[in-house]
Protein chains: 2
Amino acid sequence: MENYKLASVKPSVAEFKVGVDNVIFSVDTQHNRLLILLVKRYKEPYANYFSLPGTLVRVGESLEAAADRTLSEKIEVENLYLEQLYTFGEPGRDPRDQKNNQDQRYLSVSYFALVRYEDTNLITTGNRKAVWHLLKETPQLAFDHNRILDYGYQRLRNKLEYSPIAFKVLPEAFTLNDLYQFYTTVLGEHFSDYSNFRARLLKLGFLTDTGLKVSRGAGRPATLYRFDEDAFALLKDKPLVFI
Amino acid sequence: MENYKLASVKPSVAEFKVGVDNVIFSVDTQHNRLLILLVKRYKEPYANYFSLPGTLVRVGESLEAAADRTLSEKIEVENLYLEQLYTFGEPGRDPRDQKNNQDQRYLSVSYFALVRYEDTNLITTGNRKAVWHLLKETPQLAFDHNRILDYGYQRLRNKLEYSPIAFKVLPEAFTLNDLYQFYTTVLGEHFSDYSNFRARLLKLGFLTDTGLKVSRGAGRPATLYRFDEDAFALLKDKPLVFI
DNA sequence: CCAAAAGTGTTACAAGTACACCCATGT
DNA sequence: ACATGGGTGTACTTGTAACACTTTTGG
């Protein structure tokens, strides 16, 4: 209302560039390590800091396409899960906001991704090569990326408990122990008793026995299971907790 | 990589205006009606269509501040819950994307709000006055706002099941029936047996008896309860389902 | 034969579901 | 007194948590 009294004080609309920043997780099941993809910045601001892989959205490009592009520029991966995370946009979150142009703002739409570690191929050419980092040893990141990462990690844990994203990222055939290790590395050692985890998962009925067995050194060979999309679809309405 | 071969084909970064669109819900407990706040557009594009209340983010303004501003321009409300919903930004989602300027994009960061119906005061001056609509009878909205609304409604239902937002929006003192009605109008008639709902809520221990009773016509007077923040804080880690 | 890994079973308890029933008030 | 809305109790089923146990392999 009061904005229209004087044309000269009518507040002006901000101009934005929109960045997409990706929180890309991967689980190295062999070594029980939860990994996060980071890139080292080579120019200001925050030169020599690590940051989340990101890019500015281009003309004619959708947000998700920008997220996908970042992924494919850094790693070659076939199997992944991708979803939007959160949008950060306070004035001043990017130092470039202040610099030359008072009206130029930078907004970050963050995306969350979980990729299959085994068939991930890091692209090491170019001057912004990406590397896997242990999540536990994440350094101080550029911009507000530590905050974005925290948010992404929270989402990862929630998603794992309430939806079947693990199966997008495990091998086609996997043992129940593989699955358990996967959950353990993300959610921590004591998220559930193995025996109860087994029982719950098998009772749900969307894991089908492939008939194949795999032997890992000594001990009884493990049954290989496969995720059955169709069987899962039948229960998609009900809670489904893996705790 | 290939972007650097020819400077002339280097893809260019898009310029954005950022809009904030609000999905504002309110529950009229007296009449068991779930309401959504809409405004009628008076100019192109989509003149005379209803749309979600929104605004463009101004210089120096945060996203959440813009959401708050929209709320306070349309309604006067003291008690509310507000959180970010999702960001929509495909090229072409706003007809203005194409129009004059090929590079100008419009991005929408949507916010979800739940406000207390009783102390809400619609501002009816100005040419974009807001009105409550029955959610069930939502008309076709401008832009992609029906999609945003659907997304917001989903979030409302989830939030109600897993977090105590209802108490931000109910009167200070309320009966268990008020609470039950609230849940019923949002989640549908058969979301839970009243007796079991009562038992579950009371067992959780964050509803404290005010000692006051209220009589609604015939029948036994109902106990007024109050939400105890501190008692609730103690259980904030564990699931908490109101189903 | 024994250690290691996989897989099964048991038991005690907590929570969820569907009811039937009792209580306090206005007319 | 009885209809009306508020509130309690119970019996049954299901889920959870902790743990002991059996099976099948390699060395």
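So that the names make sense, note that chain A is the first sequence line, chain B the second, and so on, each numbered from 1. The figures here come from the full heavy-atom set of this structure, side chains too, leaving out hydrogens, waters and symmetry mates.
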(message) Rounding to an integer number of Å, can you tell me how far B:Tyr194 OH sits from D:dT8 P?
(response) 9 Å
(message) Distance check needed: C:dA5 C1' versus A:Arg198 CZ, whole Å only.
(response) 11 Å
(request) Whole angstrom is fine here: how far is it from CG in B:Asn177 over to P in D:dT8? (result) 13 Å
(message) For A:Phe182 and A:Phe174, I'd like to know if the aromatic rings sit close, meaning centre-to-centre distance below 6.0 Å.
(response) no
(request) For D:dG6, take OP1 and OP2 only and decide whether either is under 4.0 Å from a side-chain N or O of B:Thr175. (result) no
(message) Is it the case that the ring center of A:Tyr86 lies less than 6.0 angstrom away from the ring center of A:Tyr111?
(response) no
(request) Nearest whole angstrom, please: distance from the P of D:dC19 to the CG of A:Asn196. (result) 11 Å
(request) Would you kindly give the CG-to-P distance between A:Leu202 and C:dG7, to the nearest whole Å? (result) 9 Å
(message) Expressed as a whole number of angstroms, how long is the span from A:Tyr225:OH to C:dG7:P?
(response) 6 Å
(message) If you only use heavy atoms from C-beta on, which nucleotide in D:dG26, D:dT16, C:dA6 is closest to the side chain of A:Arg220?
(response) C:dA6
(request) Measure the distance from CG on B:Leu179 to P on D:dG7 and round it to the nearest whole Å. (result) 12 Å
(request) Side chain of B:Ala218 only, please: which of C:dG26, D:dT25, C:dA18 is the nearest? (result) C:dG26
(message) Could you report the tightest heavy-atom contact between B:Thr185 and B:Arg33, atom names first, then the distance?
(response) CG2-N, 3.9 Å
(request) Send over the distance from A:Lys203 NZ to C:dG7 C1', rounded to a whole Å. (result) 16 Å
(message) Once you apply a heavy-atom cut-off of 4.0 Å, does A:Ser195 come out as touching a base, just sugar-phosphate, or nothing?
(response) base
(request) Assert yes or no for the condition that the ring centre distance of B:Tyr153 to B:Tyr151 is strictly below 6.0 Å. (result) no
